[in-house]
Amino acid sequence: MLLADVIRILDEAYPPRLAEGWDSVGLVCGDPAAEVTRVLACVDVTADVVDAALDQGVQLIVAHHPLLLRGVDTVAASTPKGALVHRLITGGCALFTAHTNADRAHGGVNDALAAALGLTVTGPVEYLDQARPLDRWGVMVPSEQADEVLAAMFAAGAGRVGEYSECAWRVDGTGQFLPGTAANPAVGAVGEPTTVRETRVELVADRSARAEIERALRRAHPYEEPAFDVLELVGGEREWGLGRVGSLPEAVPLREFTERAARGLGVAVRAAGDPDAPVRTVAVCGGAGDSLLGTVSRLGVDAYVTGDLRHHPVDEHLRAGGPAVLDAGHWGTEFPWCAAVAELLGSVLDARVYDRPTDPFTVRA
């Protein structure tokens with residue numbers, strides 16, 4: 001398989017558009033026209049990882065953490081990272097990075113972490129704007145009043161798609177109805193079949209704005225009983241957002257859940273909270289996740305699993321009544337994704353996982 005074909009698979013699984021603006025994702029080095037038969041997945045690109053890749057005849061490393069990120073102005077072989085780039089190029093091994101895009105994508109870092117903990121995922125901790133649950137509205141309105149009704153719905157928040165606003169579909173047709181004896185029709189008369197030239201307008205809207213949009217529609221619509229439908233849209237499964245929320249099959253004490261997490265992740269785990277408190281609903285965020293402490297508190301979960309937690313933010317979080325927190329380390333919470341990459345590519349390539357920890361903390365006493 002050509003490297004370009006492998007990149008297409010990875011980009012579909014972890015869309016680059018999901019990455020943070022400051023991030024560096026995609027192909028770091030390598031020729032898209034080169035052939036690939038063997039892939040190695042890892043969290044960090046270290047000298048040991050490069051050694052293993054070249055020793056095993058790997059033509060592509062897929063890493064989570066970017067080797068080159070901020071302030072890179074040289075890849076000279078005299079620099080630590082530049083030396084790795086030179087070794088990769090001369091050894092015929094490409095390097096590809098999926099970082100914050102893999103954090104957010106469905107089937108990425110956070111889904112792998114949730115699966116390792118035995119959670120059934122119900123959604124993200126934070127939705128991406130473009131991945132928020134959407135409704136599709138369909139409204140029948142006399143053609144002469146279509147602009148007025150659309151304007152009211154736009155003002156209530158409907159019709160926004162990415163960087164575009166006032167988006168709608170319109171099609172003209174003929175509507176008919178028979179007003180009942182208790183009706184007060186704006187068009188036609190009681191007991192008389194009526195036909196009228198109507199326009200059907202369709203547009204999307206954030207599901208959370210449903211009530212406000214319906215009020216705006218009814219105020220602007222000339223009919224006593226507006227005809228409209230609202231469909232909940234599915235899709236954007238690969239664009240859920242940051243973190244995951246899920247549940248265990250049954251509640252267990254925090255002490256037991258911590259032990260299960262350590263076994264499931266294969267790393268040391270520390271927890272903060274009441275050891276005997278029941279844990280059923282859990283939020284997770286691979287890597288450094290203390291920036292989401294406030295968010296998970298509002299979700300009402302029983303526990304939050306992440307890495308790189310600091311003393312004071314956790315102390316303040318617990319004082320404010322937040323859920324228990326578990327720290328499984330940065331590498332420990334992201335490593336499960338490597339197996340997901342190997343599974344993604346394993347049907348078309350020899351896909352392997354570098355399973356020795358690349359956590360810089362290698363000595364514990």
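Throughout, numbering of the chain's residues begins at 1 and tracks the sequence.
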Acceptor/donor pairs from residues 185-202 side chains to any protein atom, 3.5 angstrom cut, sequence neighbours excluded:
from: T194; atom 1: OG1; to: E192; atom 2: O; distance (Å): 3.1
from: R197; atom 1: NH2; to: D172; atom 2: OD2; distance (Å): 3.3
from: E198; atom 1: OE2; to: Y223; atom 2: OH; distance (Å): 2.8
from: T199; atom 1: OG1; to: S143; atom 2: OG; distance (Å): 2.9
from: T199; atom 1: OG1; to: D172; atom 2: OD1; distance (Å): 2.5
from: R200; atom 1: NE; to: E202; atom 2: OE2; distance (Å): 2.9
from: R200; atom 1: NH1; to: D229; atom 2: OD2; distance (Å): 3.1
from: R200; atom 1: NH2; to: E202; atom 2: OE2; distance (Å): 3.3
from: R200; atom 1: NH2; to: D229; atom 2: OD1; distance (Å): 3.3
from: R200; atom 1: NH2; to: D229; atom 2: OD2; distance (Å): 3.1

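- Taking a cutoff of 4.0 Å between a charged side-chain nitrogen and a carboxylate oxygen, E20 and R104 qualify as a salt bridge.
- For the pair V348/I9, a side-chain contact is recorded, criterion being any heavy-atom separation below 4.5 Å from C-beta on.
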**Request:** Please test F335 against C42 for side chain to side chain contact (heavy atoms under 4.5 Å, CB included), starting from the C-alpha separation and ending with a verdict.
**Result:** CA-CA 7 Å; F335 174 69; C42 65; over 6 Å; no
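- Contact check on D11 versus R17 returns no salt bridge, with no Lys/Arg side-chain nitrogen under 4.0 Å from an Asp/Glu carboxylate oxygen.
- Between R310 and E316, no side-chain nitrogen of the basic residue sits less than 4.0 Å from a carboxylate oxygen of the acidic one, so the salt-bridge criterion is not met.
- If you look at H312 and H317, their ring centroids are not closer than 6.0 Å.
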**Item:** Evaluation steps, side-chain hydrogen bond (donor to acceptor under 3.5 Å, both in side chains), between D44 and T46
**Value:** CA-CA 6 Å; D44 304 282; T46 65; over 6 Å; no
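- Counting non-hydrogen atoms of neighbouring residues, nucleotides and ligands closer than 6.0 angstrom, the CD atom of E343 reaches no more than 12 such neighbours.
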**Message:** For a side chain to side chain contact (heavy atoms under 4.5 Å, CB included) check, start with the C-alpha distance between L242 and V125, then their side-chain angles and the critical distance, and finish with the verdict.
**Reply:** CA-CA 6 Å; L242 192 60; V125 172; 5.8 Å; no
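- Heavy atoms from other residues, nucleotides or ligands lying under 6.0 Å from CD of Q56 number more than 12.
- A salt bridge links E214 with R218; the closest basic N to acidic carboxylate O contact falls under 4.0 Å.
- Counting only N and O atoms by type, the side chains of R356 and Y354 include a donor and acceptor under 3.5 Å apart.
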